[in-house]
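Residue numbering restarts at 1 for every chain, and letters A, B, ... go by the order of the sequence lines.
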Amino acid sequence: MQFVTWNVNSLKIRLPQVLEWLAANPGVTALGIQETKLEDTAFPQAEIEAAGFHVAFAGQKTYNGVAIIARAPMTAVSINIPGFADEQKRVIAATINDVRFVCAYIPNGQSLDSDKYVYKLSWLKAFTDWLQGELANHPKLILAGDYNIAPEDRDVHDPAKWEGQVLVSGPERSAFRQLLALGLTDSFRLFDQPEKSFSWWDYRMYGFKRNAGLRIDHLLVSQALKPLVTACVIDKEPRRVERPSDHTPVIVTLAD
DNA sequence: ATGGCGAGACTCTCTCGA
């Protein structure tokens, strides 16, 4: 089984790339997508189903929006964080092959002095509380997403330059550790990885070419699934095409 | 040097992302 997270930065632009990537990766069980930037009425459900997949989605105009594309049927699809009033569509979860797959687009925060940063931290608190219940109900759980948090300095191309910035701040990293404290494990760090492994690069200043990136897209696995994990890799292949997303997929492989 | 790039929208200039 393989589960994937990929912030596509507009599914309208990236749908052909997504379908091509899925065709090239037949082992993928389910793909969690962030930043679809599409209202539900505009979502390309028919095209995705015509390609042989099941799909669940929750979106809005212009910003945010999440979806799950799976090769097997999904059950118990849920949207957003119950009890947390939020117009923004940032969470979708579904059960696939007995695994609870949660796809999240965690807020960016903009800057440490922004209202959006306050929203990010309160969102993370509500999300963590909700996830605790999800884990109790579904011990086999994967949390896939764009976390907008680089957990450690080794996840940052230039830690000195980023010090004090959003995505690396102490409260954000503390919120990330609170997720781990639920019993989740960063599957990427279960294995030896190349130094300077990142999942996002700034479009500007030749960020990808210079590998000036951050590792902010993560796949956390629950204790019940951790022993089954055999690999976790960042796939930079999608960066080879015209008009790539600024994020690239991260893939976790589990024994059946 | 707070710039740079890319996407979206009540667009030709603005917001937002990370």
Side-chain angles (χ1 to χ4, degrees), chain A residues 5-18 32-44 57-67 86-91 103-121 123-124 127 144-176 179 188 196-219 234 236 238-250:
Chain A
T5 186
W6 190 3
N7 179 326
V8 297
N9 183 21
S10 168
L11 188 59
K12 184 179 176 184
I13 299 291
R14 237 67 71 184
L15 178 63
Q17 298 181 27
V18 169
I33 288 175
Q34 303 88 36
E35 285 207 89
T36 61
K37 301 187 178 180
L38 288 172
E39 287 180 300
D40 289 349
T41 52
F43 193 89
F57 50 93
Q60 64 186 94
K61 201 173 182 178
T62 312
Y63 301 118
N64 310 312
V66 283
D86 192 359
E87 296 296 309
Q88 303 185 26
K89 298 295 191 297
R90 294 184 174 278
V91 182
C103 169
Y105 178 45
I106 292 174
N108 172 280
Q110 195 166 62
S111 63
L112 268 56
D113 59 359
S114 168
D115 289 344
K116 291 174 184 158
Y117 184 75
V118 176
Y119 164 72
K120 179 177 192 172
L121 293 179
W123 192 98
L124 277 161
F127 183 61
D146 175 357
Y147 289 59
N148 273 310
I149 301 171
E152 301 175 42
D153 279 353
R154 61 178 166 164
D155 302 311
V156 181
H157 69 97
D158 186 346
K161 187 176 176 180
W162 276 85
E163 192 174 353
Q165 308 262 0
V166 75
L167 312 195
V168 306
S169 74
E172 293 166 88
R173 286 178 167 176
S174 175
F176 186 84
L179 288 169
F188 189 74
K196 309 246 177 221
S197 287
F198 306 125
S199 64
W200 168 87
W201 302 263
D202 202 314
Y203 279 125
R204 299 164 292 189
M205 302 289 289
Y206 302 99
F208 183 72
K209 191 185 282 186
R210 296 190 297 123
N211 197 30
L214 302 174
R215 191 177 71 94
I216 54 176
D217 301 275
H218 308 299
L219 291 157
I234 294 170
K236 293 200 271 190
R239 295 290 316 206
R240 299 169 68 89
V241 303
E242 289 284 318
R243 293 178 90 181
S245 170
D246 47 354
H247 297 251
T248 209
V250 186

Taking only the side-chain nitrogens and oxygens of [X], find out if one of them lies under 4.0 Å from OP1 or OP2 of [N].
X	N	answer
A/Tyr117	B/dA18	no
A/Arg243	B/dA7	yes
A/Asn148	B/dA18	yes
A/Ser10	B/dG6	no
A/Lys120	B/dG17	no

key: Selected nucleotide, minimal atom distance to A/Met205 side chain, candidates B/dA7, B/dG4, B/dC16   =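 Among B/dA7, B/dG4, B/dC16, the one nearest the side chain of A/Met205 is B/dG4.
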task = Please tell me which of the listed nucleotides, B/dG17, B/dG8, B/dC10, lies nearest to the side chain of A/Thr62?
result =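 Among B/dG17, B/dG8, B/dC10, the one nearest the side chain of A/Thr62 is B/dG8.
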[Y] backbone acceptor or donor facing [X] side chain under 3.5 Å:
X	Y	value
A/Tyr105	A/Val66	no
A/Lys120	A/Asn108	yes
A/Ser199	A/Asp217	yes

key: Nearest-Å distance once atom C1' is located in both B/dC16 and B/dG4   =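 Each nucleotide's C1' atom is 15 Å from the other's.
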Could you check how far [atom1] of [X] sits from [atom2] of [N], rounded to whole Å?
X	N	atom1	atom2	value
A/Arg210	B/dC5	CZ	P	12 Å
A/Leu112	B/dA18	CG	P	16 Å
A/Lys161	B/dT2	NZ	P	13 Å

Pick base, sugar-phosphate or nothing for [X], based on heavy-atom distances below 4.0 Å to the nucleic acid.
X	answer
A/Tyr105	sugar-phosphate
A/Asn7	sugar-phosphate
A/Glu35	sugar-phosphate
A/Asp202	nothing
A/Lys116	sugar-phosphate

query = Got a second to check how far A/Asn148's CG is from A/Gln34's CD, nearest 0.5 Å?
reply = 9.5 Å
ask   = Given that A/Tyr203 and A/Ile13 both sit by DNA chain B, which one's nearest nucleotide is further toward the 5' end?
value =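 So the residue in question is A/Tyr203.
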key: Donor-acceptor pair present, A/Asn108 side chain and B/dA18 base, under 3.5 Å   =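 Pair found.
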query = Which dot-bracket string describes DNA chain B (Watson-Crick N1-N3 plus N6-O4 or O6-N4, or G-U N1-O2 and O6-N3, all under 3.5 Å; [ ] crossing; | other strand)?
reply = ....(((((...))))).
message = Are the side chains of A/Gln88 and A/Trp123 in contact, using a 4.5 Å heavy-atom criterion?
response =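 Answer no - side chains too far apart.
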